[in-house]
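FYI, side chains are in, hydrogens and waters are out, and symmetry mates aren't considered; it's all heavy atoms of this structure.
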Amino acid sequence: MSITIALAGNPNSGKSTLFNALTGSNQYVGNWPGVTVEKKEGKYKKDKSIKITDLPGIYSLSPYTLEEVVSREYLINEKPDVIVNVVDASNIERNLYLSTQLSEIGIPVVIALNMMDIVHKNGDKIDVDKLSRLLGYPIVEISALRNKNIDKVIETAISVAKTNHVHINSFDEDVEKYIKEIESQVSSVSMSENSRWYAVKLFEEDEKATANLQISDAERKTVEDIIKRAQEEFDDDGEGIITDNRYTFISSVVADTVKKGRSGMTTSDKIDSIVTNRFLAIPIFAAIIFLIYYVSVRIVGADITDWVNDVFFGEMIGGSVKSYLEGASVAPWLTSLIVDGVIAGVGGVLGFTPIIATLYLFLSILEDIGYMSRIAFILDRIFRKFGLSGKSFIPILIGTGCSVPGIMSTRTIENENDRKMTIIVASFMPCGAKTDIIALFAASVFAANGAWFALTCYFSGILAVVISGLILKKTKNFAGDPAPFVMELPEYHMPLVSNVLRTTWDRVRAFIVKAGTVILLATIVIWFLQNISTSFEFVEFSEDSSSILEAIGRTFAPIFSPLGFGDWAATVATMTGLVAKEVVVSTFGVVAGLGEVGPDTDSMIKYAASVFTMASGLSFMLFNQLCIPCFAAVGAIREEMRSAKWTWFALGYQMVFAYSISLMVFQFANVFLLGNPATVWTYIAGAIFVAMLYLMFRKPKEAKEGAKSAVAESGK
């Protein structure tokens with residue numbers, strides 16, 4: 001039997017973990033029709049006829065976020081055969097609020113009581129049979145993280161699919177009479193197969209949910225009279241009456257079925273009292289990030305990466321391939337393309353895979369144990385002071401893996417001003433591609449302080465977000481209070497090896513695939529430009545060569561000279577980095593591989609060390625970190641902004657901001673740290689610094705007319 005199952009639940013309830021466990025590799029991601037919220041669908045790995053849709057994580061079906069609107073429109077219009085409501089058993093009272101709403105849609109419901117392992121660990125007891133009787137739904141105890149009992153969820157869902165549905169009666173008799181009165185007296189409601197749902201929504205005065213109902217003026221007047229009588233009786237509006245009744249019902253159910261095994265602070269509470277402490281949270285966060293970068297850059301980078309760079313790509317692959325090609329009398333230009341171009345360029349990128357993999361591994365562990373959720377909570381305190389919601393950090397955090405999903409995840413921010421501002425700054429953090437550049441400079445220019453350099457780049461991204469928040473919030477387009485940030489912190493738990501390894505591998509694989517496609521093509525183009533003269537003849541690389549690549553670099557080099565990297569190769573690397581940031585490293589690999597320092601990958605490290613000082617190296621890194629991201633991220637910005645004007649504004653702001661920061665860093669470091677004399681550019685940098693302080697701390701403008709917090713209309 002072919003059926004469709006919808007998974008619904010609160011954020012952090014384990015819904016997506018259950019989806020991944022049920023579908024395995026039989027899943028795909030897209031967008032909901034007409035809107036930009038992510039859509040995940042898959043097929044049950046043990047029966048391909050069973051389709052599973054993972055709805056966005058939501059707390060309710062009220063019209064407060066785009067996710068909530070999308071979820072309820074899918075349930076009302078698409079009508080899946082059964083809803084599997086994933087409930088966090090360790091926080092059951094909060095999760096059951098959504099359950100009472102789902103029951104009113106008219107679709108059979110199965111409750112998957114997740115995280116039962118945590119409930120048992122805490123010594124709590126849930127009378128599942130009694131809970132099932134009170135709610136009127138079958139309940140399956142599971143642990144999605146541990147893969148326990150998940151197949152029984154599907155078996156139960158199949159057994160109840162397409163059966164007659166009974167809603168949870170969560171309202172007392174005094175409220176119920178008003179709901180039934182609407183249901184019976186409004187014909188457009190009584191004739192609907194979702195009559196209960198529409199009756200409740202009319203009582204709540206939810207116009208978005210009832211927009212499809214063809215209600216006559218007379219019926220609307222009837223509904224208004226019913227609501228008015230209810231408001232006079234309960235001294236509250238319709239939505240408040242419904243909400244109060246739901247929580248009263250849930251509290252009584254939980255009191256009858258849940259027994260706490262112990263009182264006082266849980267282990268998670270005790271840990272949070274330290275790691276989320278007002279004074280200790282940021283130092284602990286900084287220490288953890290430093291440790292991750294120290295292990296990734298210094299320990300792994302010093303040994304494993306050196307072996308991959310020097311021996312594997314330099315001698316074993318590069319040397320062997322060159323010897324074979326020369327022995328086979330292959331044309332010198334083709335040998336140079338393969339060895340000095342492809343192997344030097346792509347190998348230069350892949351040579352840092354151990355660092356990237358180690359970094360992703362540690363971040364995956366932090367995500368799996370629940371610490372990264374705390375970071376969003378911690379930084380909300382800081383972000384709100386500078387005009388940003390804590391919700392803005394979620395896309396920024398995701399952007400440390402790749403800017404594209406980070407930019408796309410801004411869809412969860414209801415406030416349109418906050419959402420646009422977050423799109424602009426989401427790419428400021430060092431993503432996996434930028435980490436490749438960090439690794440190159442940590443191994444060359446900052447070899448003695450690689451971990452500190454990496455840490456500086458990470459926190460400079462956060463600082464750039466804060467500074468931008470201060471500047472942009474003072475303008476009319478972004479003025480207004482940031483949206484409130486409410487987030488449940490999941491219980492800490494030991495990381496699941498399979499989850500950590502799968503997440504790490506997915507990210508590393510994406511990195512490797514990119515190196516074998518985009519980077520490979522870019523490397524070949526760079527090699528040809530470097531080996532073809534301006535008169536369109538093949539030339540041998542030398543310091544006096546007149547290749548097209550060098551000509552391009554020398555033309556644009558004066559633009560970057562005030563930033564400290566007016567070298568033509570650094571200029572070209574910056575320009576090619578707009579395609580993909582990894583191309584910055586492969587460009588140095590090609591240029592260095594064709595130079596006198598030798599064809600192996602280690603020459604790239606020596607080349608970077610010879611071209612940059614610590615001041616210019618930091619300036620170069622910050623510019624490439626903060627400027628316009630890769631083409632894929634630019635496409636994501638265009639898609640999320642849904643406006644050419646706002647896209648150009650975002651790209652223009654990123655470029656000007658990156659240039660200003662890099663100029664100040666290099667000029668001030670050159671004068672105050674290296675003791676060099678000031679130049680006219682130093683004074684320009686000083687003027688920019690003063691201007692930036694003014695923009696950050698000036699009196700804010702009034703909000704632009706019509707600017708308000710709102711959920712984006714679907715399809716717009």
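- Side-chain atoms of N114 come within 3.5 Å of backbone N or O of S13 as a donor-acceptor pair.
- Between F290 and F285, the ring centre distance reaches or exceeds 6.0 Å.
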Criterion salt bridge (Lys or Arg N to Asp or Glu O under 4.0 Å) on R246 and E239, from CA distance to verdict: CA-CA 11 Å; R246 289 194 199 279; E239 185 177 13; over 6 Å; no
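- Of the N and O atoms on the side chains of E367 and T503, not one donor lies less than 3.5 Å from an acceptor on the other residue.
- Among all heavy-atom pairs drawn from S99 and V87, the shortest one is OG-CG2, 3.8 Å.
- Distance check: L202 CG to I226 CD1 gives 9.0 Å after rounding to the nearest 0.5 Å.
- Rounded to the nearest 0.5 angstrom, S90 OG and I118 CD1 are separated by 5.0 Å.
- Between I105 and I76, the closest side-chain pair of non-hydrogen atoms falls below 4.5 Å.
- Rounding to the nearest 0.5 Å places OG of S49 at 7.5 Å from CD1 of I3.
- Smallest separation of non-hydrogen atoms from Y137 and H167: OH-CA, 3.8 Å.
- Between L363 and T504, the closest side-chain pair of non-hydrogen atoms is not below 4.5 Å.
- With no hydrogens or angles considered, no side-chain donor-acceptor pair links Y44 and T23 at under 3.5 Å.
- Closest non-hydrogen pair, D81 versus S2, comes out as OD2-O, 4.2 Å.
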K130 and L134: CA distance, side-chain angles, deciding distance, side-chain contact (heavy atoms from CB on, under 4.5 Å) verdict: CA-CA 6 Å; K130 187 174 183 180; L134 292 173; 4.2 Å; yes
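- In this structure a side-chain-to-backbone donor-acceptor pair under 3.5 Å is present from T435 to C431.
- Of the N and O atoms on the side chains of S170 and N245, not one donor lies less than 3.5 Å from an acceptor on the other residue.
- With a 4.5 Å cut-off on side-chain heavy atoms, I182 and F203 count as touching.
- At a threshold of 4.5 Å between non-hydrogen side-chain atoms, the residues M429 and I462 count as touching.
- Side-chain contact between E205 and I227: present, with at least one pair of heavy atoms (C-beta onward) separated by less than 4.5 Å.
- For the pair L102/W197, no side-chain contact is recorded, criterion being any heavy-atom separation below 4.5 Å from C-beta on.
- E204 has a carboxylate O that lies under 4.0 Å from a charged side-chain N of K201, or vice versa, which qualifies the two as a salt bridge.
- Residue-environment remark: CG (N77) exceeds the threshold of 12 foreign heavy atoms within 6.0 Å.
- With hydrogens and angles disregarded, a donor-acceptor distance shorter than 3.5 Å links the side chain of Q101 to the backbone of L61.
- Residue K180 qualifies as open at atom NZ: its count of foreign heavy atoms under 6.0 Å is 12 or below.
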Derivation and outcome, side-chain contact (heavy atoms from CB on, under 4.5 Å), residues V109 and V82: CA-CA 6 Å; V109 176; V82 61; over 6 Å; no
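- In this structure, the side chain of D117 does not engage the main chain of S143 through any donor-acceptor pair within 3.5 Å.
- In this structure, the separation between CG on D172 and CG on D244 is 9.0 Å, given to the nearest 0.5 Å.
- For the pair R374 and D272, the salt-bridge criterion is met [side-chain N within less than 4.0 Å of a carboxylate O].
- A donor-acceptor contact shorter than 3.5 Å links the side chain of D237 to the backbone of G240.
- Here the closest non-hydrogen pair linking G14 and V86 is C-CG1, 4.2 Å.
- Between E232 and R229 no salt bridge is recorded (no basic side-chain N to carboxylate O distance below 4.0 Å).
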Steps toward side-chain hydrogen bond (donor to acceptor under 3.5 Å, both in side chains) verdict (E233, Y178): CA-CA 11 Å; E233 179 178 347; Y178 291 112; 2.4 Å; yes
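- The distance from the CD1 atom of I52 to the CD1 atom of I50 is 7.0 Å, given to the nearest 0.5 Å.
- Heavy atoms of other residues, nucleotides or ligands lying less than 6.0 angstrom from CZ of R278 number 12 at most.
- Of the possible polar contacts, one joining the S159 side chain to the T156 backbone as a donor-acceptor pair under 3.5 Å is found.
- A salt bridge is absent between K259 and D124; no separation between the charged side-chain nitrogens and carboxylate oxygens falls under 4.0 Å.
- Summarising the local packing, OH of Y371 is surrounded by more than 12 heavy atoms from other residues, nucleotides or ligands at distances under 6.0 Å.
- A distance-only check finds a donor-acceptor pair linking the side chain of S273 to the backbone of K270 [under 3.5 Å].
- We find that R72 and E104 are not joined by a salt bridge, their nearest charged nitrogen and carboxylate oxygen being 4.0 Å or further apart.
- Side-chain atoms of K15 come within 3.5 Å of backbone atoms of L55 as a donor-acceptor pair (strictly under, hydrogens ignored).
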Evaluation steps, side-chain contact (heavy atoms from CB on, under 4.5 Å), between K79 and L75: CA-CA 5 Å; K79 294 181 175 56; L75 294 172; over 6 Å; no
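- Remark: the backbone N or O of V189 is not paired with any side-chain donor or acceptor of S192 at under 3.5 angstrom.
- For R507 against S364, the heavy-atom pair with the smallest separation is NH1-OG, 3.8 Å.
- K148 contributes atom NZ, which lies 12.5 Å from atom CD1 of I150 (distance to the nearest 0.5 angstrom).
- With N85 contributing its side chain and I111 its backbone, the two residues share no donor-acceptor pair below 3.5 Å.
- Residues A286 and F459 share a closest heavy-atom pair of CA-CZ, 3.6 Å.
- Between Q231 and D236 the shortest side-chain heavy-atom distance does not fall below 4.5 Å.
- Comment: E78 does not engage K51 in a salt bridge, judged by the lack of any side-chain N to carboxylate O separation of less than 4.0 angstrom.
- Residue pairs satisfying the ring-ring contact (aromatic ring centres under 6.0 Å, His included) criterion with at least one member in residues 230-253, sequence neighbours excluded, are listed as follows: Y97-Y247.
- In this structure, a donor-acceptor pair under 3.5 Å is absent between the side chains of T257 and D127.
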Test log, rule side-chain contact (heavy atoms from CB on, under 4.5 Å), inputs I154 and V84: CA-CA 9 Å; I154 300 298; V84 172; 5.9 Å; no
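- Counting heavy atoms from C-beta outward, K40 and N20 have side chains that approach closer than 4.5 Å.
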